[in-house]
Each structure stands twice: as structure tokens, then as C-alpha cells.
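What follows is a short report on a single structure.
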2 protein chains.
Amino acid sequence: MDKKITIGIAEDQSALRRRLIEHFRFFDEVDVTIACESGDALLERLPALPESRFPVVILMDIEMPGSNGIETTHRVKEHYPQTDIIMFTVFEDDDRIFDAIQAGASGYLLKDEPVDVIVQAMKELREGGAPMSALIARKMLGIMRRAQLERQRPDDAELPFNLSARELEIIQQIVQGKTNAEIGEAMFLSPFTVKTHIKNIYRKMHVGSRAEAASLAYKRNLV
Amino acid sequence: MDKKITIGIAEDQSALRRRLIEHFRFFDEVDVTIACESGDALLERLPALPESRFPVVILMDIEMPGSNGIETTHRVKEHYPQTDIIMFTVFEDDDRIFDAIQAGASGYLLKDEPVDVIVQAMKELREGGAPMSALIARKMLGIMRRAQLERQRPDDAELPFNLSARELEIIQQIVQGKTNAEIGEAMFLSPFTVKTHIKNIYRKMHVGSRAEAASLAYKRNLV
DNA sequence: GTGAAAATACTCCATTCGGAGCATTGGCAT
DNA sequence: ATGCCAATGCTCCGAATGGAGTATTTTCAC
């Protein structure tokens, strides 16, 4: 059988914190090894824990005095990237969810979830999942629909519009607002050559000005 | 008790399709009302269904001949936005997950999930969740960490660089590659006026050319 | 109702750009 | 080997841009 899941708790409301600790006692799978009333306290006390009692999962309140849950998550993941963090909150606005994920949270539960669901979430986490309350999961989808993905292009993939590598270099200078002369200087080329390249770029991209080319370059993730 | 969940299936492998239909029979909660071997067939046959047999959830394979699952999802959501779609696939690359979500999918299951998990996912969906296989949920988090969120600006929030509303309008035309004369025509302004606005824009944004302004506009989500 | 800010409009001038055409070189593929 | 295409460089010309300065009208807040 697997070892117990060691849990950390950061939650400023002492009543809730104690209630959680009490309830977790009834579950054999988990073991609360640290519980703090603030993110700062958690960060202070974590280094002192022996490895065997170091939390594998931290239940993190978002709203806390001092360092809030987002900041604390950032710092914890910085020092202990292998520790998973579940945000635990009553709030559910999109920006906060997004920020929590970006900070490194791997799960997001609303505080009204029953304790057995929380324990189940811990197990899911350890099995590679990303437990989320239904409402949060739905909101995440909404966030993703509004998000722009920065798709990275494999090096050998062909560039949009059949642009050559050289032409791409030139575009990158164009979006910086450089003149042909400046680009030539930067690339050790005659400004005439730069101009010829730009002519070809315009033809391939079906545009007719630097602004339009820059715009299209952004839209197509060329820069 | 709630009514049965009506299910649609789009899956080109006939063996799997039949297996799913067979297995779903054992679950009282669900009722397969339509099963097709392609996205095109689904789109063709959906309009003919009576409302009572219209699928509330569609299990959608991604890899299909003709319209693939992403395209089909797009079209289904376009015509039947209230129908939920679960992507059902063996593939799990980030771009595909992202595209599926953007197309309007509300869940994402791997084909190796047991049927009872799939049925459970349907129920979760109806309860407002977004069921995902553990692996997919984790990948979604990774995608979100790389994503840029387009945070929408409240109407009364001040624009970056203290640009006026009128100036913003002009920028939008600039990124389209228009000349001052064309902008003037579109906005019923003298080209001289357009020029004056652009001068002010340059001053406020600390740039000196249309390409640079367009570029910065994209970076700051002005367009 | 007064003042500040924004929007409108124009002039002059030097620089830059975009379009067309042309030429040479070097590398890569058939 | 040969032919194609990318990369390089150039000329001429007209159109558009960018910079500076000035002026009138509108609008909106205090």
C-alpha cells in the first residue's frame, strides 16, 4: 500500500483550520503535518520539517493576511517544485483562478466541498490529475476559450506564407519600428537589400505596408 | 428523478462505436439516441431528431475522416449551443486539447477510460462540471501556464498610455495598414486631422512609426 | 461659465517608403 | 551539370510618412 499523503494547510480562519485537521484525522490516507494561519508562517516553518513529514500536498487558502495564497504558492513552488498545491477558497473569479494556475497550483477546490471530496482530490492529485470543483473546472474552460495560446513552432516546420528565415529576421526588425537603413545596419546589409527582402515579404504576405506586415506577423505568431 | 441523459456518438471506428452502444445499455442513466461514423454524418442527421431524442451530450472522436472532431464541435456548438460535447480520443497533444476547448468542448476523456467513468462524466457535465481524464486535466494546467490571458478592460478603465477613445480608433485602422487618407475617409475626417492624431499617439506611446505603434498595440492588447 | 483637454484642420519640408525593374552570386537539388 | 531560388545590391520615381508649428471648435468637468 502507498504511504500516507502528507498534507500542509495554510488557512487564516482558525475555526476552519481546526475543523479540517479534526476531520482529516478520520481518513487513514492522509496525515496533516503542518498547519499555519498565514502564507508567511508556512514559508517560515516549511524548511524546518524533516523530509518524512514534508507535505506532499498543500491546501492553500487564497485570501490570507500578509502573503496571499497566490504569492505563497509562487514561493513554495520556487523552492519545492515537487510539492503540489490545491487552492482552497470561496472565491471563484476568473482572474484569480488564472493567477493561481500560473502561480503553480495543481488543483482548485471551493471551501464548501465536503472533507471526503477533499481527500479524494488529494488522491487524484497524487495520481497525476488536477482536481477541481465542478464550477471551477467550467470556469477554467471559459478562461481557456478567451486565452491566447503561444504556440511554439518546431524549428524545422515551414514558416507561414513560405517566408524564408532571412525574411523572418527582417520582419522582427520591422515590428521594432526600424527603418530600412537601421535594419541594414543591424544585419550588416545594404538598405537596398533590406528593401528587396521587404518587397518579397509584402508579396508573400499579401500586404503593402510595414504596419500591416507587423500586424499580420502578430496575428500569425511570427513574433 | 432526472430524465435519462440523451447521448450522441461520433466515432469512425465501428467496433468501438458498437462497443460503446452495447455498454451504455447497461446504464439506466443514459440513452444513446444517435451514433454516427463521421462528423459530417452527425451534422446531417442531427436536425432530423425530435427534440425528445436530441442528444444532451455528444461523445466526439477527434480523429475522423471528413470533418474532424474539432471542426464538427465548432459546427455543432454553432447550431446547438446548449448541447455539451465531450472529446473522446487517444491523442493528448497540447494543441489539440487547446483547439478542442476553443471549439467549445466541455470535457475531454481518453478512450481507455472504462465505460462507467464515461457515464459518470456525463453526469458531472450535467451538474455543471467539466470532466477530464487525469492526464488531460494536468495538461490543461500546463497549457494555461503558457497561455496569455486577454484580461478585458472595464469600459471606464483608462486606456494604456492615456490614449483617448478617438486615438484608439485610429490605431485600429493603422494596424490594418491603412494610409492617413484611407483612415480619414473611413472616419469622415480630413487626412490632416488623422495625421495630428497619429502625432499625438506617437508622443503618448513613445514610438515613431506606424509599424512600431501597431506592434506595441498588439503587445498591450489594444487590438 | 470658465478653463483645460480633445478633436478638428492646415502648412511646409525632409525623409522614408513602396513599386517596378534589373543584375550578380551562391547553394542546393534533380 | 544545370537549373532554380534565396540572398544580395542597385536605380528611378512618385506617394506617404514624420516632425514642427499654428489655429479653431467642441466637449466636459469643476
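Per chain, numbering begins at 1; letters A, B, ... match sequence-line order. These figures come from a predicted structure and were not determined experimentally.
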Would you say [Y] and [X] are linked by a side-chain donor-acceptor pair, where the criterion is simply a distance under 3.5 Å?
| X | Y | value |
| --- | --- | --- |
| A:R210 | A:N180 | yes |
| A:D40 | A:S67 | yes |
| B:Y108 | B:S133 | no |

query = Heavy atoms under 4.0 Å, any strand shown: does B:T193 hit a base, just sugar-phosphate, or nothing?
reply = base
query = Is B:T179 touching bases, backbone alone, or none of the nucleic acid, heavy atoms closer than 4.0 Å?
reply = sugar-phosphate
key: Salt bridge present between B:E71 and B:R75 (N-O < 4.0 angstrom)   = yes
request  = Taking only Lys NZ, Arg NE, NH1 and NH2, and the carboxylate oxygens of Asp or Glu, determine whether A:D93 and A:R96 approach each other closer than 4.0 Å.
outcome  = yes
Using whole Å, report how far [atom1] of [X] lies from [atom2] of [N].
| X | N | atom1 | atom2 | answer |
| --- | --- | --- | --- | --- |
| A:I198 | D:dC10 | CD1 | C1' | 16 Å |
| A:N200 | D:dG9 | CG | P | 14 Å |
| B:F192 | D:dT24 | CZ | P | 17 Å |
| B:E212 | D:dG18 | CD | P | 10 Å |
| A:R203 | C:dA20 | CZ | P | 11 Å |
| A:Q173 | C:dC17 | CD | P | 13 Å |
| A:E185 | D:dG9 | CD | P | 14 Å |
| B:N180 | D:dG19 | CG | P | 12 Å |

Taking atom types as they are modelled, would you say the side chain of [X] forms a donor-acceptor pair with the base of [N] within the 3.5 Å cutoff?
| X | N | value |
| --- | --- | --- |
| A:S164 | D:dC5 | no |
| B:K199 | D:dA20 | yes |
| A:K195 | D:dG9 | no |

inquiry  = Less than 4.0 angstrom between a side-chain N/O of B:R166 and OP1 or OP2 of C:dT8, yes or no?
reply    = yes
ask   = So, is B:H197 close to the C:dT8 phosphate, meaning a side-chain N or O under 4.0 Å from OP1 or OP2?
value = yes
note = Result for 5'-nearest mapping on DNA chain D, choosing between B:Y202 and B:T196, is B:Y202
